[in-house]
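Worksheet for the structure shown next.
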Amino acid sequence: MGGAVDDGGGGELDVFDAGRCGGGGYELGVAVGRRFGEAIRSRMSGDAVLRRRLLPFASTAPGRALVDALRDANRARYPRYWDEMVGTADGSGVPLLHVILVNFRKELLPFITEEEDQHHHREDEAAAVAADADDDCSDVLIVGESAAIAAHNEDANVALLGHTYVVKATSPDGSSSFTAYTYAGELPTCAFGFNSNGVAFTLDSVPPASGEVVAGAIARNFVSRDLLEATSLEDAMNRVSSPAMSVGHSYNLMDVRRRRIVNVETASGNRFSVREAAAAPFFHANMYRHLQVNQVQDENSMSRERRAAELSPDTKEKALSLLGDTADDKYPIYMTGPTLYTLCTVLVDLDEATMTIYKGNPKNRDAVRVFRML
């Protein structure tokens with residue numbers, strides 16, 4: 001089963017092995033909540049999106065109705081993960097509503113109107129900018145004769161700085177385990193992870209245009225939590241494409257044993273498209289690349305795509321250099337604020353069966369953790 005091979009960064013990324021927990025999910029959530037209670041409470045108290053947008057919206061009649069609909073849909077499809085989320089709230093001492101809202105943030109934010117924003121909290125311009133900053137990520141996928149890798153920048157709002165950790169857990173019968181980079185208070189994982197079945201993944205946000213979001217449907221955090229249970233690449237593809245999702249997502253799915261990587265783009269209405277990675281580098285940021293979806297033209301994402309095309313990162317070394325690129329002051333690939341930060345970079349090497357997490361600019365190759373995936 002997967003485990004840490006080397007702690008090359010002095011333990012700066014906290015890893016918690018919860019071991020075998022009860023089959024209901026609640027016990028795992030409680031264990032994670034207790035272990036990372038301080039980080040979870042700190043994240044909730046300083047998260048501008050939660051404080052200035054989600055909580056005020058949840059106090060309105062439309063907001064309460066939407067939260068209830070999301071709760072009902074996701075608890076019905078994923079009761080064990082719902083119990084896990086409740087356990088995280090109980091274990092950390094954070095109000096359950098706060099944990100629910102950060103896990104449903106992508107499904108709630110499209111329904112918060114400008115009028116509601118102005119009514120509740122737009123007095124502080126700096127906080128408003130921080131609340132508006134979305135999470136972004138960048139990926140390079142290569143499967144050729146000399147390399148089979150996925151290199152990924154985990155980009156997020158300033159509220160997540162210092163509020164992430166790695167969760168490891170083993171199934172009750174000991175037959176499988178997973179390792180997941182996790183945002184404080186959220187289900188493992190909306191970022192990246194792998195399991196002992198040889199399935200690994202990274203994720204990219206693909207914000208849709210107005211009208212592409214379905215109210216009260218399946219949430220992406222629950223889908224990515226379910227990915228950690230996948231038994232094969234085919235099973236992983238089914239888990240991300242079959243739910244009736246509220247908001248689409250981009251999944252980079254890997255079969256470590258068979259040396260395969262596929263990018264699966266999903267959208268509401270059970271729409272999805274699959275592209276297999278090959279020797280030519282495939283770069284994915286935060287716009288749909290092959291699924292035909294009505295989307296906002298995001299200049300940040302398009303700028304990163306243009307830069308990737310210029311540099312053509314066809315080796316793991318070039319891929320890491322690209323993810324550390326800061327040539328464009330306005331839209332750098334490696335982000336250092338003021339609202340969006342690259343929390344870390346991860347390199348998934350299928351030939352070595354390792355997942356390496358780098359701190360700081362990946363050009364410097366400062367590995368903080370290396371995990372063996374098989």
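Within the 4.5 Å cutoff, no side-chain heavy atoms of Tyr183 are placed close to those of His163. The shortest distance between side-chain heavy atoms of Thr356 and Val346 does not fall below 4.5 Å. With contacts defined as side-chain heavy-atom distances shorter than 4.5 Å, the pair Met85/Glu186 does not qualify. In this structure the side chain of Val348 never reaches within 4.5 angstrom of the side chain of Ile149, judged on heavy atoms. By the 4.5 Å heavy-atom criterion applied to side chains, Val240 and Leu253 are counted as neighbours. Looking only at side-chain heavy atoms (C-beta outward), Lys359 and Leu13 stay at 4.5 Å or farther from each other.
Hydrophobic clustering of Ile, Leu, Val, Met, Phe, Trp and Tyr side chains at less than 4.5 Å, counting indirect connections, keeps Leu203 apart from Val206. When hydrophobic clusters are built by joining Ile, Leu, Val, Met, Phe, Trp and Tyr residues whose side-chain heavy atoms come closer than 4.5 Å, directly or via intermediates, Val214 is not grouped with Val247. With hydrophobic clusters built from ILVMFWY side chains whose heavy atoms lie under 4.5 angstrom apart, Phe16 shares a cluster with Leu228. A chain of hydrophobic side-chain contacts below 4.5 Å, direct or via other Ile, Leu, Val, Met, Phe, Trp or Tyr residues, connects Phe371 to Leu374. Linking ILVMFWY residues whenever their side-chain heavy atoms come closer than 4.5 Å, directly or via other members, leaves Met355 and Val140 in distinct clusters.
Residues meeting the ring pair (Phe, Tyr, Trp, His ring centres under 6.0 Å) test with Tyr358, sequence neighbours left out: none. With sequence neighbours left out, Phe283 forms a ring pair (Phe, Tyr, Trp, His ring centres under 6.0 Å) with no residue at all. With sequence neighbours left out, the side chain to side chain donor-acceptor pair (under 3.5 Å) criterion links Ser45 to no other residue. Listed by chain and number, the residues in a salt bridge (charged side-chain N to carboxylate O under 4.0 Å, His left out) with Glu229 are Arg80, Arg225 (sequence neighbours excluded). Partners of Asn74 according to the side chain to side chain donor-acceptor pair (under 3.5 Å) rule, which considers only residues two or more places apart in sequence or in another chain, do not exist here. Residues forming a ring pair (Phe, Tyr, Trp, His ring centres under 6.0 Å) with Phe201 (at least two apart in sequence, or on another chain): none. Every side chain to side chain contact (heavy atoms under 4.5 Å, CB included) that Asp173 has, sequence neighbours left out, goes to Ser171, Ser175.
Distance check: Ile218 CD1 to Ser242 OG gives 9.5 Å after rounding to the nearest 0.5 Å. Between atom CZ of residue Phe272 and atom OG of residue Ser241 there is a gap of 4.5 Å, rounded to the nearest 0.5 Å. Residue Leu291 holds its CG atom at 10.0 Å from OG of Ser250, rounded to the nearest 0.5 Å. With rounding to the nearest 0.5 Å, the separation of CG in Leu108 from CD1 in Ile112 is 6.5 Å. Atom CG in Asn197 sits 12.0 Å away from atom CG in Leu233 (nearest 0.5 Å). Between atom CZ of residue Arg239 and atom OG of residue Ser224 there is a gap of 12.5 Å, rounded to the nearest 0.5 Å.
Side-chain atoms of Thr342 do not come within 3.5 Å of backbone N or O of Cys344 as any donor-acceptor pair. Within the 3.5 Å criterion, the main-chain N or O of Ala39 finds no donor-acceptor partner in the side chain of Tyr165. In terms of modelled atom types and a separation under 3.5 Å, the side chain of Ser42 and the main chain of Glu38 share no donor-acceptor contact. The main-chain N or O of Ala215 is never found under 3.5 Å from a side-chain atom of Glu107 such that the two would form a donor-acceptor pair. Between the side chain of Asp255 and the backbone N or O of Arg258 there is at least one donor-acceptor pair closer than 3.5 Å. Under a 3.5 Å cut-off, the side chain of Arg275 and the backbone N or O of Asn263 do not form any donor-acceptor pair. For the pair Ser138 (side chain) and Ile333 (backbone), a donor-acceptor distance under 3.5 Å is absent. Between the Arg43 side chain and the Arg41 main chain, no donor and acceptor come within less than 3.5 Å of each other. For the pair Arg105 (side chain) and Val102 (backbone), a donor-acceptor distance under 3.5 Å is present. No side-chain donor-acceptor contact under 3.5 Å links Ser301 to the backbone of Asp298.
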Per-pair distances, 0.1 Å, donor-acceptor, side chain in residues 62-72, under 3.5 Å, sequence neighbours excluded:
from, atom 1, to, atom 2, distance (Å)
Arg64, NH1, Ser59, O, 2.5
Asp68, OD1, Arg71, NH1, 3.3

Throw together a table of side-chain donor-acceptor distances under 3.5 angstrom for residues 28-37, partners on residues two or more places apart or in other chains.
from, atom 1, to, atom 2, distance (Å)
Arg35, NH1, Asp14, OD2, 3.4
Arg35, NH2, Asp14, OD1, 2.9
Arg35, NH2, Asp14, OD2, 2.9

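There is no side-chain donor-acceptor pair under 3.5 Å between Asn300 and Asn286. No side-chain N or O of Thr170 forms a donor-acceptor pair with one of Arg20 less than 3.5 Å apart.
With His284 as the partner, the side chain to side chain donor-acceptor pair (under 3.5 Å) test is satisfied by one option alone out of Arg289, His152, Glu265: Glu265.
Looking at every heavy atom in both residues, Arg259 comes nearest to Gly144 through NH2-O, 2.6 Å.
The environment of CD in Glu310 is crowded: more than 12 heavy-atom neighbours from other residues, nucleotides or ligands sit within 6.0 Å.
Lys363 has no carboxylate O lying under 4.0 Å from a charged side-chain N of Glu317, or vice versa, which leaves the two without a salt bridge. Salt bridge annotation for Arg307-Asp325: present, with a cationic side-chain nitrogen under 4.0 angstrom from a carboxylate oxygen.
Among residue pairs with one or both ends in residues 66-100, those qualifying as ring-ring contact (aromatic ring centres under 6.0 Å, His included) are Tyr78-Tyr81; sequence neighbours excluded. For the ring-ring contact (aromatic ring centres under 6.0 Å, His included) condition, the pairs that include at least one residue of residues 208-228, sequence neighbours left out, are Phe104-Phe222.
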query = Could you walk me through whether Asp349 and Thr354 pass the side chain to side chain donor-acceptor pair (under 3.5 Å) check?
reply = CA-CA 5 Å; Asp349 190 319; Thr354 56; 5.2 Å; no

key: From CA spacing to verdict: side chain to side chain donor-acceptor pair (under 3.5 Å), Thr202, Asp139   = CA-CA 8 Å; Thr202 64; Asp139 273 86; 2.8 Å; yes

request  = Starting from the C-alpha separation in whole Å, work towards a yes-or-no answer on side chain to side chain donor-acceptor pair (under 3.5 Å) for Tyr341 and Glu154.
outcome  = CA-CA 8 Å; Tyr341 286 79; Glu154 186 61 31; over 6 Å; no

inquiry  = Test salt bridge (Lys or Arg N to Asp or Glu O under 4.0 Å) on Asp136 and Arg304; report intermediate values, then the result.
reply    = CA-CA 11 Å; Asp136 289 307; Arg304 283 177 280 151; 3.7 Å; yes

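Proximity of the aromatic rings of His249 and Tyr251 is defined here by a centroid distance below 6.0 angstrom, and this criterion is met.
Clustering of Ile, Leu, Val, Met, Phe, Trp and Tyr side chains at separations under 4.5 Å leaves Val199 isolated, with no partner residue.
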